[in-house]
There are 2 protein chains.
Amino acid sequence: MSEPTARTARTKTKPRPRDRQATRRAILFAAKEVLAESGFQEFGVNTVARRAGCDKQLIYRYYGGLEGLVDAIGGELGFWVRDSLRPIAALGPPSSYAELMERLALGFLEALREDPLVQRIVAWEIAAPSPEVQRLATSRSRGLVGWIAEMRGDLAPPEGLDAPAVNAVLVAAIQLLVVAAASTGQFAGLRLKTEKDWERVRAALRILIAAAYA
Amino acid sequence: MSEPTARTARTKTKPRPRDRQATRRAILFAAKEVLAESGFQEFGVNTVARRAGCDKQLIYRYYGGLEGLVDAIGGELGFWVRDSLRPIAALGPPSSYAELMERLALGFLEALREDPLVQRIVAWEIAAPSPEVQRLATSRSRGLVGWIAEMRGDLAPPEGLDAPAVNAVLVAAIQLLVVAAASTGQFAGLRLKTEKDWERVRAALRILIAAAYA
DNA sequence: ACTACATATCACCAATCGGTGACATACAGC
DNA sequence: GCTGTATGTCACCGATTGGTGATATGTAGT
């Protein structure tokens, strides 16, 4: 066989420019895209490499595999809570613990609604408690709790009220409602599509918060 | 080759007794087991067939594939809400809407905590909104909403309060807390392991409900 | 006893997965 | 110009997946 050997045909696809940092970034970007658009079910070396337009081998070389890639995403997300709630801080100091919690809850709701990537990660944490994903969860949790503590200042919840428990309930509700809205558009018979629908949710949250922390 | 043909070796494994109904039941039972124990990630024809101790072909024959199997599970779960909240009804008529909602919320919490299968299905609905799973969600939603309406009788929520929205928030919180507890044992910095942890959650729910419906 | 059918199992398929070793090629240092 | 190394691509591996056609076998009806 004097026809072109396998190696001769090697030049079918243009190789990427040889820029290690750019390739690393491309992979990370593709990973976040895949996760945000298709969820963790599609998340794998093959899919990410295809999306990034490079060979999957590079994922192993530059991130040591999927786990390292997830960690890299987690690293970028470490400050998500802080960044997304920054506008809340700009409103000036709240006058009461109730007002603080209302701002935080509604701000968290909006921030989560606008970020499909974090939505997917939340869903991932719920559905597939693998160790690497757990780290994402705990780091985000810590960020949230720490942020609340920081904003709180010297404001104190009413005497005898278990604020961490109440806040966990509120955060849980917000997370599930947003994720359910993204995937099914409704929850427990409540439509979650139009802005009017969300106004009902916000009103309910306001009532609950005001009542609990009154 | 006069050695045993492939077909001669066919009798390695004992075939199941030829009982169509029993086999159908075994498959459905195995499917629920797999789902409850390992979650939807492991849920597939191969796994279920292995668990049921039969050939996967039978899943296609008797249920028309995975979708039909999921539908069968959904059919059995149609009355889950009603069944699991039956003890609540036995307590006698509530004296107020607030008391009704408190009973329902706490009853729903306990029922969900005790049923890993439904927990997995909830997680499934959240993470992988495929059409067949959606049907499970909506049927359960309808069951819940209908049950509330039925129990409510002539009790009415306070004037001007958006009860469906408030209830959706509460149900969402309960669902996510239970699922998070099952998978990670904590949520938003709140431990969810011991009965004492859960008592904090129940107390928080009681406060929120009482305050909102006062 | 013989046939027809329902039941169950097996054997294989193409596709996809995560993972790895071999090869190609651009570029930097000598 | 030659060589070594970093970067990128390809080709393959074994395992697993959902899916199907062919085959064996128990059982009921004649």
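Keep in mind that what you see is a predicted model, and the values were worked out from it rather than measured. Here is the naming used below: chain letters follow the sequence lines, and residue numbers restart at 1 for every chain.
A cation-pi arrangement is not found for A/R120 relative to A/F40, the charged atom failing to lie both closer than 6.0 Å to the ring centre and inside a 45° cone about the ring normal. At least one cation-pi condition fails for B/R20 and B/Y62: the charged atom is not both under 6.0 angstrom from the six-membered ring centre and inside a 45 degree cone around its axis.
Residue order along DNA chain D, read from the 5' end via each residue's closest nucleotide, puts A/R18 first among A/R18 and B/E42.
The base of D/dT7 is not paired with the side chain of A/R61 by any donor and acceptor separated by under 3.5 Å. Below the 3.5 angstrom threshold, one finds no donor paired with an acceptor across the side chain of A/R16 and the base of D/dT9.
With salt bridges taken as basic N to acidic carboxylate O contacts below 4.0 Å, one links A/R86 and A/D83.
Counting only distance, with no hydrogens or angles, the side chain of B/D115 and the backbone of B/A111 share no donor-acceptor pair below 3.5 Å.
In terms of the salt bridge (charged side-chain N to carboxylate O under 4.0 Å, His left out) criterion, A/R61 has no residue partners (sequence neighbours excluded).
Within 4.0 Å (heavy atoms only), B/R20 reaches sugar-phosphate atoms of the nucleic acid but no base atom. The residue A/R50 sits close only to the backbone: its heavy atoms come under 4.0 Å of sugar-phosphate atoms, none of a base.
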Between the protein and nucleotides 18-21 of chain C, list the N/O to N/O atom pairs that are separated by less than 3.5 angstrom.
| residue | atom | partner | partner atom | Å |
| --- | --- | --- | --- | --- |
| C/dG18 | OP2 | A/V45 | N | 3.4 |
| C/dG18 | OP2 | A/N46 | N | 3.4 |
| C/dG18 | OP2 | A/N46 | ND2 | 2.7 |
| C/dG18 | N7 | A/K56 | NZ | 3.3 |
| C/dG19 | OP2 | A/Y60 | OH | 2.9 |
| C/dG19 | O5' | A/Y60 | OH | 3.4 |
| C/dG19 | N7 | A/K56 | NZ | 3.1 |
| C/dG19 | O6 | A/K56 | NZ | 2.5 |
| C/dG21 | O6 | A/Q57 | OE1 | 2.9 |

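Between the P atom of C/dT9 and the CG atom of B/D19 lies a distance of 13 Å, rounded to the nearest Å. At whole-Å resolution of the value, CD in B/Q41 and P in C/dC17 are 15 Å apart. The CG-P distance, from A/L58 to D/dC10, rounds to 11 Å in whole Å.
Listed pair B/T23 / C/dT7 fails the phosphate criterion, with no side-chain N or O lying under 4.0 Å from OP1 or OP2.
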(message) Using the rule given for salt bridge (Lys or Arg N to Asp or Glu O under 4.0 Å), can you reason through A/R113 versus A/E195, listing the C-alpha separation, both sets of side-chain angles and the distance that settles it, and then say yes or no?
(response) CA-CA 11 Å; A/R113 279 183 61 199; A/E195 204 52 37; 3.2 Å; yes

